[in-house]
Amino acid sequence: MARPLYVLNGPNLNRLGTREPEIYGSDTLADIEQACVRVAGARPVVFRQTNHEGELIDWIHEAGDRGCALVLNPAGFGHTSVALLDALRSISIPVIECHLSNPAAREEFRQVSFVSPAATGVVSGFGPASYEMAVEAALRLVGSAPSKS
Ligand code: DQA
């Protein structure tokens with residue numbers, strides 16, 4: 001059985017669909033999950049969201065132990081959490097940092113990322129398509145073909 005691709009989501013992303021739609025669009029997290037599963041094709045996907053930093057850290061460890069790669073939207077924690085950076089440095093699978101918006105083009109406090117120094121790469125600014133691109137990138141890195149449909 002292939003090791004799954006982990007797609008982990010941080011705080012407030014459960015509110016996508018109604019949360020600041022002018023910035024984040026109208027897709028829900030369930031819509032995004034469906035798109036990730038479609039792009040991943042035969043590769044199993046573990047897709048989760050939490051509002052709790054410790055839980056996210058536990059899941060990062062789990063991804064490192066059981067997954068082939070990690071797509072991570074750290075949301076607000078990405079701008080604040082040394083612990084998240086330490087967790088990412090404790091695992092050795094590829095990590096793709098993913099954002100719907102482009103934090104580099106927003107407020108100054110969003111221009112700090114505690115995730116980027118431990119990420120293999122970053123995809124941001126393409127709305128829900130950022131996730132599809134991040135899944136594709138992760139699959140390329142682990143040598144499995146994304147679904148073309
Ligand atoms: C976000 C960008 C972050 O700055 C913000 O705190 C989020 C969402 C994004 O996907 O664009 O919650 O990670």
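Atoms within each ligand, like the ligands themselves, are counted from 1 in listed order.
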Thinking salt bridges, do Glu132 and Arg38 make one under a 4.0 Å N-O criterion?
-> yes

Are there any protein N or O atoms under 3.5 Å from the N or O atoms of ligand 1? List them with distances, or say none.
| residue | atom | partner | partner atom | Å |
| --- | --- | --- | --- | --- |
| ligand 1 | 4 (O) | His79 | NE2 | 2.7 |
| ligand 1 | 4 (O) | Arg110 | NH1 | 2.9 |
| ligand 1 | 6 (O) | Gly76 | N | 3.3 |
| ligand 1 | 6 (O) | Arg110 | NH1 | 3.1 |
| ligand 1 | 10 (O) | Asn73 | ND2 | 2.9 |
| ligand 1 | 10 (O) | Leu100 | N | 2.8 |
| ligand 1 | 11 (O) | Leu100 | N | 3.3 |
| ligand 1 | 11 (O) | Ser101 | N | 2.8 |
| ligand 1 | 11 (O) | Ser101 | OG | 2.6 |
| ligand 1 | 12 (O) | Arg19 | NH1 | 3.2 |
| ligand 1 | 12 (O) | Arg19 | NH2 | 2.9 |
| ligand 1 | 13 (O) | Asn73 | OD1 | 2.8 |
| ligand 1 | 13 (O) | His99 | ND1 | 2.8 |

Which pairs pass salt bridge (Lys or Arg N to Asp or Glu O under 4.0 Å) with one or both residues in residues 97-124, sequence neighbours excluded?
-> Glu107-Arg110

Between the side chains of Asn51 and Gln49, is a donor N or O closer than 3.5 angstrom to an acceptor N or O?
-> yes

In this structure, are over 12 heavy atoms from other groups packed under 6.0 Å from Arg19 atom CZ?
-> yes

Remaining members of hydrophobic cluster (4.5 Å side-chain criterion), Ile60 | Tyr6, Leu8, Val46, Leu56, Ile57, Trp59, Leu70, Leu72, Phe77, Leu84, Leu88, Ile91, Ile93, Val95, Val115

The complete set of salt bridge (Lys or Arg N to Asp or Glu O under 4.0 Å) pairs with one or both residues in residues 24-37, sequence neighbours excluded, reads none

